[in-house]
Each structure stands twice: as C-alpha cells, then as structure tokens.
Amino acid sequence: MKRIISLLIFLAVLLGVTPTTFSVAEAAFSDVPTTAWYHDAVIQAADLGYFAGTGNGNFSPDICISRAMLVTVLAKASGDELSKYREQAFKDVTSDAWYFEGCNWASEKGLVTGVGDGYYAPNAKLNREQFCVVMSHFRDKFGDSAELQYDYTEFDDDGAISQWAYDYVHTLRQAGAILSRVDNYFVPKATVTRADFAVTLLSCMGMLDNLPEDPQRHIFSISVTPSLSSVEEQKNTYVDVKFMPEDAHDKGLALYSSDESIATVDAAGNVYAKKPGKVTVTAVATDGGLSASCEITVTKKPEPKPEPKPQPQPIGGIRTNLDPNKPMIALTFDDGPHPTYSNQILNILEQYASVATFFEQGMNVDRYPDVVRREAALGCELGSHSYNHPQLTKLSYSQIRNQMDMTNQAFYKACGRYPTVMRPPYGSRNASVDSAVGLPLIIWSVDTLDWKYRDANYVYNYVINHAYDGAIVLMHSIHGTTAQAMQRIVPKLISMGYQLVTVSELGYYRGSPLKAGQRYYSFQ
Ligand code: ZN
C-alpha cells in the first residue's frame, strides 16, 4: 500500500513539474469555479504540484491550513530535494508522518521554530500574522526578489498585530503578497484558508501579476456582552454577540461554556445557570475563527425566607417572660381611677414587678389622667367601665356606643392609648351590650365583695382562700381597705407561686386570646 501511495505521489510530482499547457487541476477540482477570486492561483499552484487535492475531486479552498500543511506545500514549492531532510526536528513530528520531511526542511531553513519545548504542533491552525512571518521568510529565501512597491499605509487594526509579526505583515503587504482581509482591516488573528495560501504563495514567488482580492465580507471583530454578569443559579440570562462588519457574509457562530456543570450556553446565546461558580462564555466565528469571551458569575440562590408565623396579635401588650407552666391570676379593679388608692395599689404592684387590670370610668379618667398614665406606664391593662356607670342593659345601642366612645376618648386623651377590655357596670349585659361595646367583655370568677366588707383582712383572706390558676378576681380601687389588703395580697400570691397578670395575658397564655364581643369569666 505504502509503495502504491509513493508511486502516486511521485507521478503527481512528475506531472506537476512537467511544463504543460494542459491543466490537470482545472479538470480535477470541481469546487474551484472559474469565477472564484482564487481560481488562477489555485490551478497554477496545483499544476505546479505544490498542492494536492483533498480527495473526491475537491481542492477545498475554504479549509484552514494547518502548520503541517504549510511546511509541506512550502517545501514542495522550494524545489529542494526533500528526501535529504530525514533528521527529526520536532518531538511531535515522527518519521511516519506525511509532513515529516516538510517539517524538518522548514526547521533547517529557519522558516519555523516550533511552539516551544521542541514541539511543532503540526495540527494547529495558523493565523494570518503567523502566516505572514513564515511567508515573508520564505519569500526572502525562495521567492520573488522584486523591490517592495505596494501599499505602505497602515491597517486600521495595526494595533492588534503582535509586535513580533508587525514588520513581516507590512513587508508582505508592500511586496503585494497580502491584502487587507476586509475594508482596511488586516485581522491578524483570523485563520488562513487553502485559497489564501495559494494566492499568497504564488505572489511571493512572483507568479501572479496582480494579487486577486477576496470579495467576501469577512468578520474583522467580534464581541460578546453578557446581559447580566451575575446570575442566580437555576435562572437564565443570555449573551449578546456582535460582529463587524454587520454585513459579514458568514455569520456562523459557535458558543462554548468553559464549565458546563456551572452554566451552559446554546447556539442562540441563551445561558442557563446551573450551580454557583464562574464560567467563561466564548463565541467563535466560523469565518476566520475570531473569538471573544465574557465571564459570568453564577450566584447561590438565596435561601427562601421562612414565612413569618402569624403571631396572635396581643391586645394590651402581652409579656413574653411569663412561665405558662406556673399559675397565673388576674387581679382587676373597678370604678377608678382614684387619686390615692389607685396609686397605693400601683405602688405595691410596681414593687413586685406585677400588673393588674383597671376598669376605669371615663369620667374619672378625665379627672385623674395622671393615674391612668401611670397604669399604662407600669404595663397594667387599661379597661373601660363605661363613662359614668349606667346599667348598660337599659340603654339603647347608640347610647351604649356613646358611653364607650366618650370613655375611649378620655383614655386616649390621658395616655395616648385606648382601653383593650371592657367590664359592664354591675356585670350587667345582654346581646345588645355585647355587640355594642366592641371590646372583649370581662366578667369575673372571684367576687371579693370588697365594696360591702370594708375590711382589709376580710378582702385579703377572701382572695387568698379563693385564688386558683386562671381566676379573674374582682376588687375596686376606690376603697382604702382594698388598697390596704393589696399590700399583703401581692407578696402572698407571689409566694404561693402565682404570676400576677393582666386579663389579656391570662387569656393569651391559657389558650383563649380575647375577642371583641365575647364574654370571659375565668380561664380555668
Ligand atoms: Zn363598677
């Protein structure tokens, strides 16, 4: 098999170098139309044996040349005897490679230097500036020695040409062996096709009178802009790819993500963020292989905030430092405020950091607002006891409302707050009262009859003997004997393990948060 191939190559070379008016290539390549800008150069180079076809009757003018292809063609064009170049020049170009002698030859002639560490990277593609360096050297050694007479002007993208390539690029331009790629752009990083190569090669060898111009509108710049540089995981964003010139003949594009486990990108530029991290999204233009990249950061999805648990709305301020497992009792005082006795009751409550509930008459609130202010300040619960103590069951609905409104206003005026609970005078109520007061109705479960027995010992004993967890105790703040009894009631109840609480607290901690229009007797 090897022998047959060698024979065919020999024949091709023989035919190539044999002067003839008959073009083998013309008949051979179906993909090189006579109207193509590169037609003459390709046919001539093939007839000279510099190029072979790519099989199946094709020349493949648009295929990008590799570094192996470059030196193989140049070696043939040089006319040197290649069989002499059998000394391996590069680690990655071994004697069984079809480009072995070409690489060795190009290395010895100083046309190529490899990619470092003794490697040549034969399959890597060449870009235009690298190509110009090699071709400029080739022209000096094997090609046209005509003086440089062509274009001396700068390219619009001269600044993009690598420093080591700059002079070679411009020497070739002045030699008339290379043109701008589109408009006045050289596009140094674009790839080189077989058609480009044939044209420049023949020009360097002085075989073309005029360099044909590639009429295609090639891309000279590409950019990628992320719509969001930072995106949450499991969300989408996109990248916007722009070309110049806008009327490029080939807008073909490939998009890549540097890490598809972090984010993927589709052909339309849609980015799907998968997990936190950073990725580089790169767009590569089919035409010329120009590329551009952008970085996208995928951020962690914020932990969903737990829905705030609906807290029962405390009415009248519920303390949170109470122990629901210890007994509680609500002491309540009607008919005040009283300028002396109310304050005596408040003194002992304050001393023991305890609270009670005061059901005040609105008219007394108007008279002694300071007392109400102090009750509020000490955390006691403010209760309405009507404005002037009528039996509410004998009043019309609107009269009841009037009693409530006047009392509410008195409280608000005194301390900036409204009462949160209501006790009807005499405990007298019916369905109309219940609905008219607009507050929870607090009756009682322990009646001290302190208004009847004006005796501090009696009141003290009655409270202590009838106390139980959840009880609502009825007293009055307008009697000195009650205020006197309180001096002993408070420390005694506390020593018995009771927490002295407001009615609202008792309801809250015993599972029955108070509701307007509902009646409460105790929370057992
Ligand atoms: Zn009363």
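Each ligand, and each atom within it, is numbered from 1 in the order the structure gives. All heavy atoms count here, side chains included; hydrogens, waters and symmetry mates do not.
- Checking Asp266 against Asn270 by side-chain atom types alone, a donor-acceptor pair falls below 3.5 Å.
- At least one N, O or S atom of Asp335 sits under 2.8 Å from the Zn ion (ligand 1).
- A side-chain N or O of Asn388 and one of Gln403 form a donor-acceptor pair less than 3.5 Å apart.
- A donor atom on one side chain and an acceptor atom on the other are not found under 3.5 Å apart for Thr282 and Ser291.
- Annotation: cation-pi pair Arg67/Tyr120 present, NZ/CZ under 6.0 Å from the ring centroid and within 45° of its normal.
- The Zn ion (ligand 1) sits nearest to atom NE2 when only the N, O or S atoms of His385 are considered.
- At least one N/O/S atom of His389, whether from backbone or side chain, sits less than 2.8 Å from the Zn ion (ligand 1).
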